[in-house]
Amino acid sequence: MRKPLVAGNWKMNGSRESNIALVKGLLEGSSQIANAEILVCPSFVYITEVAKQLEGSSIAYGSQDVAKEEVGAYTGEISVGMLKDIGCSYAIVGHSERRALFGDTDVIVAQKFAAAQNGGILPVLCVGELLEEREAGQTEAVVERQLQAVVDLVGISALEKSVVAYEPVWAIGTGKTASPQEAQDVHAFIRGWISKEDAAVAEKVRILYGGSVKAANAKELFSQADIDGGLIGGASLAADEFISICEAAG
Ligand code: PGA
């Protein structure tokens with residue numbers, strides 16, 4: 001059985017003050033949630049403080065990105081060693097905003113995936129198609145290309161120590177969610193694609209759905225056979241809403 005994971009991607013939001021209130025709400029609300037793992041990914045700047053507040057709780061924390069290089073003259077970058085040093089257990093790689101706005105190509109995403117894993121952190125690999133790609137019937141081809149780049153670099157078995165997040169780009173921050181069936185179809189495709197190479201890995205890897213998940217639609221999405229939780233943006237910034245989503249998964 002795959003334990004569901006609900007991950008909050010706070011993106012470039014928050015302040016010391018607002019984070020304290022948010023984490024307080026999460027700590028209060030998470031005590032009733034036994035059957036889902038909860039992860040928060042604050043801005044790099046705040047991870048340490050959030051970590052302190054989470055100490056002793058079962059809520060995990062991670063980063064929204066990681067450098068592909070290990071160490072050295074890379075101004076502005078954050079290495080996996082640093083993330084490990086402050087106790088991160090996950091790092092998101094290949095988020096569509098990084099792919100679209102910051103030049104993270106399939107190859108760079110694969111390198112970041114490898115860097116995270118080599119440094120002992122579980123990558124959360126985001127994949128997903130643009131609206132025009134969906135409309136052109138290219139969803140599966142795009143997702144396959146994004147996965148293939150990672151598998152080419154690290155091999156299929158590496159996926160076992162990772163999480164995949166299917167996030168249709170047209171559903172991120174737009175209020176448009178893929179229908180549970182649309183999402184399930186792509187999740188089943190991803191699991192089937194992995195299974196062709198290694199059925200055991202396919203059975204184990206958690207595949208999250210992301211894109212305008214909220215308390216009102218989470219339950220139906222998470223009840224699909226191949227959806228193992230969610231990667232939540234906007235709705236992860238309100239403790240009550242995020243906890244309700246976690247309840248829907250657990
Ligand atoms: P959203 O973002 O929930 O605000 O659509 C999801 C994501 O970008 O991970």
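Read the numbers this way: they start at 1 and go in the same order the structure lists the ligands and their atoms. Computed from a prediction, not measured in an experiment: that's the story for all the values here.
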(request) Go through the structure and list residues passing salt bridge (Lys or Arg N to Asp or Glu O under 4.0 Å) with R2, not counting sequence neighbours. (result)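 R2 satisfies salt bridge (Lys or Arg N to Asp or Glu O under 4.0 Å) with E203, D228 once adjacent residues are dropped.
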(message) Please enumerate all residues that pass side-chain contact (heavy atoms from CB on, under 4.5 Å) together with A165, with sequence neighbours excluded.
(response)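 Per chain and number, A165 pairs via side-chain contact (heavy atoms from CB on, under 4.5 Å) with V124, C126, E167, L208, L231.
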Is there any N or O on [X] that sits under 3.5 Å from an N or O of ligand 1?
| X | answer |
| --- | --- |
| G211 | no |
| S212 | yes |
| G173 | yes |

(message) Closer than 3.5 angstrom, by distance alone: can the side chain of N217 be matched with the main-chain N or O of V213 as a donor-acceptor pair?
(response)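 Not a single qualifying donor-acceptor pair exists.
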(message) Give me the nearest non-hydrogen protein atom to atom 3 (O) of ligand 1 as residue plus atom name, then the distance to 0.1 Å.
(response)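 Its nearest protein heavy-atom neighbour is G233 N, 2.9 Å.
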(message) One residue to check: S236. Relative to ligand 1, which of side chain, backbone, both or neither has a non-hydrogen atom less than 4.0 Å away?
(response)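 For S236, no heavy atom sits under 4.0 Å from ligand 1.
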(request) With heavy atoms under 4.0 Å as the rule, classify the contact between N9 and ligand 1 as side chain, backbone, both or neither. (result)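 Side chain only.
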(request) Apply the side chain to side chain contact (heavy atoms under 4.5 Å, CB included) test between S162 and each candidate in V154, V93, V201, V205; give the one that qualifies. (result)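 Testing each of V154, V93, V201, V205 against S162, the sole residue satisfying side chain to side chain contact (heavy atoms under 4.5 Å, CB included) is V205.
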(message) Among K11, E167, K176, K214, which one puts a heavy atom closest to atom 9 (O) of ligand 1?
(response)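 The nearest heavy atom belongs to E167.
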(message) On a heavy-atom basis, I'd like to know which of Q64, H95, E97 is closest to atom 8 (O) of ligand 1.
(response)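 Looking at heavy atoms only, H95 sits closest to atom 8 (O) of ligand 1.
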(request) Within a distance under 4.0 Å of any heavy atom of G234, pick out the atoms of ligand 1 and give their elements. (result)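 With G234 as reference, the close atoms of ligand 1 come out as 1 (P), 3 (O), 4 (O).
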(request) Go through ligand 1 atom by atom and flag the ones less than 4.0 Å from a non-hydrogen atom of A171. (result)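 That gives atoms 5 (O) of ligand 1.
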(request) Dump the intermediate steps for salt bridge (Lys or Arg N to Asp or Glu O under 4.0 Å) on K214 and E241, then the final yes or no. (result) CA-CA 7 Å; K214 41 189 186 286; E241 181 80 7; over 6 Å; no
(message) For N19 versus G14, what's the shortest heavy-atom pair and its separation?
(response)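 Heavy atoms of N19 and G14 come nearest at OD1-CA, 3.7 Å.
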(message) Over 60° means perpendicular and under 30° means parallel, so tell me whether Y209 and H187 are parallel, tilted or perpendicular.
(response)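 Judged by the thresholds at 30° and 60°, the geometry between Y209 and H187 is tilted.
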